[in-house]
Every structure is written in C-alpha cells, then in structure tokens.
Enquirer: 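Okay, handing you the structure first.
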Amino acid sequence: QVQLVESGGGLVQPGGSLRLSCAVSGLTLDYYAIGWFRQAPGKEREGVSCIINSDGSTYYVDSVKGRFTISRDNAKNTVYLQMNSLKPEDTAVYHCAAETKDIRVGVRMDPYEYDYWGQGTQVTVSS
C-alpha cells in the first residue's frame with residue numbers, strides 16, 4: 001500500500017522558514033515524479049514544486065521561485081520542500097503526491113496527473 005506522509009508544517013512569522021518532509025513508502029515501482037501542492041481555503045489546489053526522479057530536474061510555480069527549494073534523499077525515500085522568506089499568501093495545507101507514470105513536461109505541476117497523495121500538513125504564515 002502506497003503511503004505518503006507529510007510533516008514539518010506549523011505557524012511561522014512572515015519572513016521565516018519551514019522545511020516540509022514527505023516520506024514515501026509502498027511504491028513497488030520507482031516513482032516518476034513527486035510534487036508538492038497546496039490548497040488555501042476557498043481556492044483550488046495548485047502545484048508548488050515537483051522533482052523528476054530520473055534526472056532530478058525540478059519545477060516551481062512562479063510565486064515561489066527563489067524562495068522554495070525541493071530536494072530528495074533517495075536513501076530515506078523522502079522528498080523535502082525548504083521554504084524561505086515565507087509570506088502570508090503561502091498559508092495553505094501542503095500535500096505531497098507521487099506518480100509512477102510518465103508526465104509530459106507541460107503538466108508536471110497539474111495535481112490531476114498524480115495518483116498517490118498524502119494527508120497534508122498545515123502551513124500558517126502570520127504575525
């Protein structure tokens with residue numbers, strides 16, 4: 001059974017940092033991509049970042065470029081999202097998701113392309 005478990009969320013002041021972790025287990029095939037997505041109240045789920053397993057290429061939504069960094073530790077089956085210079089508009093529930101099938105470049109940040117999801121972790125940026 002595939003499980004993705006997020007951790008590391010919390011309350012942080014604007015300008016602060018958090019590191020989210022996504023522990024992956026139960027995938028019988030190597031994943032193709034793992035992505036981080038977020039959903040704020042009343043808004044649609046949006047792609048934040050993803051990493052491609054085969055070559056380590058990374059993608060970011062424009063609003064987080066230069067502030068967030070996705071990385072992986074294959075020995076620990078864990079993917080991280082380092083979030084710096086956090087802003088109130090980053091407040092959301094953050095989910096990680098995995099996909100084992102190829103995802104074409106244009107839709108690698110589309111949540112509908114991912115089959116396996118974690119429960120999410122709350123990130124609140126507020127003074």
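None of these values were measured; they are calculated from a predicted model. The basis for the numbers below is simple: all heavy atoms, side chains too, and nothing from hydrogens, waters or symmetry mates.
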Enquirer: I'd like to check Cys22 versus Val5 (side-chain heavy atoms, cut-off strictly below 4.5 Å). Are they in contact?
Expert: no
Enquirer: Taking ring-ring contact (aromatic ring centres under 6.0 Å, His included) as the definition, give me every residue that meets it alongside Tyr94, ordered by chain and number, with sequence neighbours left out.
Expert: none
Enquirer: Between Ser49 and Val61, does the side-chain contact (heavy atoms from CB on, under 4.5 Å) criterion hold? Intermediate values first, please.
Expert: CA-CA 6 Å; Ser49 181; Val61 67; over 6 Å; no
Enquirer: Step by step, work out the side chain to side chain donor-acceptor pair (under 3.5 Å) result for Asn77 and Arg72.
Expert: CA-CA 8 Å; Asn77 292 326; Arg72 59 183 176 172; over 6 Å; no
Enquirer: Would you say that Leu20 contacts Val123 through its side chain, given a criterion of any heavy-atom pair below 4.5 Å between the two side chains?
Expert: yes
Enquirer: Do Arg104 and Asp102 make a side-chain contact, defined as non-hydrogen atoms from C-beta onward lying under 4.5 Å apart?
Expert: no
Enquirer: Got a donor-acceptor contact below 3.5 angstrom from the Thr121 side chain to the Gly9 backbone?
Expert: yes
Enquirer: Atom CD of residue position Gln82 - does it have more than 12 heavy atoms of other residues, nucleotides or ligands inside 6.0 Å?
Expert: yes
Enquirer: Ignoring hydrogens and geometry, is there a side-chain-to-backbone donor-acceptor pair from Arg38 to Ala92 under 3.5 Å?
Expert: no
Enquirer: If you apply the rule side-chain contact (heavy atoms from CB on, under 4.5 Å), what do you find for Phe68 with Val48, and how did you get there?
Expert: CA-CA 9 Å; Phe68 291 10; Val48 176; 3.7 Å; yes
Enquirer: Find the distance between CG (Asp90) and CG (Asn84) and round it off to the nearest 0.5 Å.
Expert: 11.0 Å
Enquirer: Going by distance alone, is a donor N or O of one side chain under 3.5 Å from an acceptor N or O of the other, for Asp73 and Thr78?
Expert: no
Enquirer: Hey, could you give me each pair passing ring pair (Phe, Tyr, Trp, His ring centres under 6.0 Å) that has a residue in residues 106-127? Not counting sequence neighbours.
Expert: Phe37-Tyr114, Phe37-Trp117
Enquirer: For Lys43, is there any backbone N or O sitting under 3.5 Å from a side-chain donor or acceptor partner on Gln39?
Expert: yes
Enquirer: Tell me whether Leu86 is reachable from Tyr60 by hopping between hydrophobic residues (I, L, V, M, F, W, Y) whose side-chain heavy atoms are closer than 4.5 Å.
Expert: yes
Enquirer: Are any non-hydrogen side-chain atoms of Pro88 and Pro14 less than 4.5 angstrom apart?
Expert: yes
Enquirer: Roughly how far apart are Leu18 CG and Leu81 CG, rounded to 0.5 Å?
Expert: 9.5 Å
Enquirer: Answer yes or no: is there a side-chain heavy-atom contact under 4.5 Å between Met109 and Glu46?
Expert: no
Enquirer: Answer yes or no: is there an ion pair linking Arg108 with Glu113, defined by an N-O contact shorter than 4.0 Å?
Expert: no
Enquirer: Atom CD1 of Ile34 and atom OG1 of Thr100: how far apart are they, to the nearest 0.5 Å?
Expert: 11.0 Å
Enquirer: Would you indicate whether the side-chain heavy atoms of Ile70 and Tyr80 approach each other to under 4.5 Å?
Expert: no
Enquirer: Side-chain heavy atoms nearer than 4.5 Å, only ILVMFWY residues, links allowed to pass through others: does that put Trp36 and Val107 together?
Expert: yes
Enquirer: I'd like to know if Lys65 pairs up with Asp62 as an ion pair, taking the criterion as any Lys NZ or Arg NE/NH1/NH2 lying under 4.0 Å from an Asp or Glu carboxylate oxygen.
Expert: yes
Enquirer: Can you confirm whether Val79 sits close enough to Tyr31 that some side-chain heavy atom of one is under 4.5 Å from a side-chain heavy atom of the other?
Expert: yes
Enquirer: Could you tell me which non-hydrogen atom of Glu99 sits nearest to which non-hydrogen atom of Asp115, and how far apart they are?
Expert: OE1-N, 3.0 Å
Enquirer: For the atom pair OG (Ser25) and CG (Leu4), what is the distance rounded to the nearest 0.5 Å?
Expert: 7.5 Å
Enquirer: Nearest 0.5 angstrom please: Asn53 CG to Tyr32 OH, how far?
Expert: 10.0 Å
Enquirer: Could you check whether any side-chain N or O of Glu6 sits under 3.5 Å from a backbone N or O of Gln119, counting only pairs where one atom can act as donor and the other as acceptor?
Expert: yes
Enquirer: Could you tell me the separation between the NZ atom of Lys76 and the CG atom of Asn74, rounded to the nearest 0.5 Å?
Expert: 12.0 Å
Enquirer: If you draw a 6.0 Å radius around CD in Glu44, do more than 12 non-hydrogen atoms from other residues or ligands fall strictly inside?
Expert: no
